[in-house]
Amino acid sequence: MKIINLDHFAATKMRPEVKTAMDPFFEQEYGNPQSIHTLSDAPREALDKARNQAASLLNCSSAEVIFTSSGSESNNLAIKGTAFARLEKGKHVVTSSIEHFSVLNAVKSLARLGFEFTQVPVDRYGFVDPADVKKAMRKDTILVSITHASNEIGTIQNIKDISKIAHEGGAFIHTDANSSCGFIETDVKNLDVDMLSCAPHRFYGPKGSGIFYLKKGVRIMPLIDGGVQEFGRRAGTENVPAIVGAGVACELAKNEFKARQEHLFPIQKHIISGVLSSMDEVYLNGHPEKRLPNNINFVIKYIEGESILMWLNNNGIMVASGSACTSKILKSSHVLNAIGIDPALAQGSLLITLGEDNTMGDAEYFVEKLPQIVEKLRNMSPLYEEVKKQKEAQKATQSA
Amino acid sequence: MPIYSEKVMDHFEHPRNVGEIADANGVGELGNPTCGDIMKIYIKVKDEKIQDVKFKTFGCGAAIATSSMVTELVKGRTLDEAESISNAVVAEALDGLPPVKMHCSNLAADALHLAIEDYKSRKAGKGPVGKVDTGDHDHDEVLEAL
């Protein structure tokens with residue numbers, strides 16, 4: 001059976017160019033970039049090149065790029081690194097109610113150490129209102145961390161306005177761009193941010209790589225102390241193959257940026273309109289336009305996400321869900337909750353994330369299969385039973 | 001995908017006894033939409049035997065499979081026999097469930113017992129009792145059990 005991956009936030013296939021660039025650094029050029037001898041030459045040059053490639057994508061200087069192990073590490077470094085470095089200034093962090101767990105749980109960990117945080121709410125589309133950030137700011141606020149675009153609902157925030165407020169309040173601003181990097185513009189100067197997290201594995205780079213932008217002059221405490229790697233901000237022998245791969249993924253993203261959007265938008269549009277027009281009581285989460293080109297999030301009433309996933313899987317279609325049963329911590333998505341979706345309704349959530357391997361044919365196949373699965377599961381659902389009876393009764397009165 | 005046994009997948013893909021019984025004399029409904037599982041079991045009892053049984057379930061793969069399995073296990077059985085079937089017996093008949101599902105989605109036998117209780121209550125002239133909201137799970141407890 002053909003596998004159709006509609007879960008690219010979980011994993012993307014590395015581009016052949018990425019793998020080719022990485023390959024020499026496992027065996028032939030295995031040297032440590034920090035050595036003084038000849039073995040270090042090629043790895044060190046490769047590291048410099050990757051740093052330039054990442055800097056070019058983010059529009060910063062290469063001295064502002066720190067390679068990490070993941071998007072989650074970058075988020076932790078931003079939040080804890082800033083908090084530990086600015087103890088004297090204050091202990092308050094502002095974030096939102098729709099952050100990724102690597103932001104949310106990092107802030108909660110800080111709270112256990114005596115820090116305080118404020119989560120600003122979002123509207124029904126998932127937008128943070130900059131005025132709410134302003135309200136949340138305190139004298140002792142050291143950091144504002146708001147996602148650039150939600151990995152779950154795709155809503156793209158107005159980071160620039162939020163940055164302005166953070167800076168006016170004397171705080172640094174970090175944005176989690178782990179979902180947006182490679183798909184929409186992530187120019188750190190335009191966004192006016194001090195820190196940004198980027199996850200190359202989401203855009204055809206290798207897993208085990210992360211990029212952290214740290215504006216020149218912004219001080220953080222490292223989370224991993226040791227040697228001078230990554231300008232002393234992140235010790236540990238560099239994962240050279242992963243960093244090389246991350247660099248190539250950044251270069252490809254920069255060159256193909258527009259082409260990727262032009263490829264994804266029609267597929268996204270076809271799935272959204274196809275699904276909404278073929279079934280009753282299915283809703284799109286997030287904003288209809290101001291969203292990532294690769295993200296679609298539906299809630300389908302009266303049925304549960306895991307059973308939808310399993311049936312789609314049987315048809316070769318891989319998707320994700322925000323239901324409790326699929327969450328591993330048995331809680332439905334806090335992001336859906338934050339945009340006002342009742343936890344019971346969130347059980348029927350479906351998260352579709354597109355990538356370059358998807359075709360219009362995939363979209364058509366999905367739009368054809370999903371309603372059949374939904375009908376099958378709804379016909380088994382006790383919640384739908386009552387609704388159906390009500391609908392039939394309505395019909396009967398209308399025709400009588 | 002959670003790692004489900006072949007039997008679970010079989011019952012998920014080909015659920016037995018799905019539907020309603022129009023003249024059911026016992027109905028049991030159990031669960032909570034917030035947790036993602038609601039099971040409704042209909043029984044038609046005659047001569048203290050489960051002559052017919054059907055179910056409707058809102059939930060994950062395990063919830064659907066356990067519902068299907070319990071109906072298969074009790075069809076044609078006496079009420080006493082049906083009452084002795086526990087959630088654990090249902091899970092075992094499916095060659096086991098992932099640990100996390102044992103706690104949350106393995107409620108089908110409870111829904112059946114509720115349907116039997118409902119039947120007995122109606123018979124005794126006390127009226128139907130067949131709907132129970134199980135409330136939220138203790139999530140920390142679930143995580144600790146894993």
Side-chain angles (χ1 to χ4, degrees), chain A residues 3 7 10 281 299-334 336-337 341-349 372-389 392, chain B residues 1-4 8-20 22 27-42 54-65 67-68 98-101 103-105 111 130-131 133 136-146:
Chain A
I3 297 278
D7 188 17
E281 302 194 82
V299 283
I300 304 173
K301 261 182 120 169
Y302 314 118
I303 54 178
E304 191 276 333
E306 188 199 282
S307 48
I308 311 173
L309 252 63
M310 285 171 69
W311 270 117
L312 286 169
N313 189 66
N314 281 1
N315 285 285
I317 304 168
M318 317 285 130
V319 299
S321 167
S323 83
C325 268
T326 54
S327 78
K328 303 218 163 68
I329 54 161
L330 303 177
K331 277 185 187 167
S332 62
S333 157
H334 66 284
L336 295 181
N337 207 266
I341 309 278
D342 180 74
L345 198 55
Q347 301 302 344
S349 91
Q372 299 167 10
I373 291 165
V374 169
E375 194 189 350
K376 189 171 3 203
L377 290 168
R378 277 186 174 169
N379 282 336
M380 294 178 62
S381 167
L383 298 174
Y384 194 55
E385 187 180 299
E386 284 167 34
V387 178
K388 221 165 110 185
K389 277 178 191 157
E392 276 161 17
Chain B
M1 291 281 101
I3 302 171
Y4 285 134
V8 171
M9 287 309 290
D10 178 40
H11 276 264
F12 171 71
E13 287 166 17
H14 312 285
R16 280 63 142 174
N17 305 307
V18 177
E20 299 161 51
V27 181
E29 187 177 339
L30 202 78
N32 179 327
T34 306
C35 289
D37 293 305
I38 298 173
M39 297 171 183
K40 191 170 183 180
I41 294 201
Y42 298 82
K54 292 213 185 290
F55 81 91
K56 285 222 164 164
T57 288
F58 162 88
C60 64
I64 290 169
S67 308
S68 168
V100 64
K101 301 289 181 182
H103 189 95
C104 294
S105 310
K131 192 165 176 173
D133 190 330
D136 281 351
H137 300 295
D138 182 336
H139 294 98
D140 291 335
E141 191 185 292
V142 174
L143 288 177
E144 267 169 33
L146 292 179

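Lettering of chains follows the sequences in order, A, B, ..., and the numbering in each one begins at 1.
Residue B:Ala62 touches chain A through its backbone alone, counting heavy-atom pairs closer than 4.5 Å. Neither the backbone nor the side chain of A:Asp342 has a heavy atom closer than 4.5 Å to any heavy atom of chain B. Only the backbone of A:Tyr302 comes within contact range of chain B, judged by heavy atoms closer than 4.5 Å. For A:Glu304, the parts sitting under 4.5 Å from any heavy atom of chain B are the backbone and the side chain alike. Using a 4.5 Å cut-off between heavy atoms, B:Ile64 touches chain A through its side chain atoms alone. When heavy atoms are compared at a cutoff of 4.5 Å, B:Glu13 approaches chain A by way of both its backbone and its side chain.
Taken to the nearest 0.5 Å, the CD atom of B:Glu20 stands 4.0 Å off from the NZ atom of A:Lys389. Once rounded to the nearest 0.5 Å, the distance linking CD of B:Glu29 with CD of A:Glu385 reads 8.0 Å. We find the OG1-CD1 distance between B:Thr57 and A:Ile303 to be 13.5 Å, quoted to the nearest 0.5 Å.
Chosen from A:Gly305, A:Ala346, A:Ala344, the residue pairing most often with chain B at heavy-atom distances under 4.5 Å is A:Ala344.
Between A:Trp311 and B:Phe12, some side-chain heavy-atom pair lies under the 4.5 Å cut-off. Looking only at side-chain heavy atoms (C-beta outward), B:Val18 and A:Asn379 stay at 4.5 Å or farther from each other.
Smallest separation of non-hydrogen atoms from A:Ser307 and B:Gly59: OG-O, 3.0 Å. The shortest heavy-atom contact between A:Met310 and B:Gly61 is SD-CA, 3.7 Å.
Around CD of A:Glu281, the count of heavy atoms belonging to other residues, nucleotides or ligands within 6.0 Å exceeds 12.
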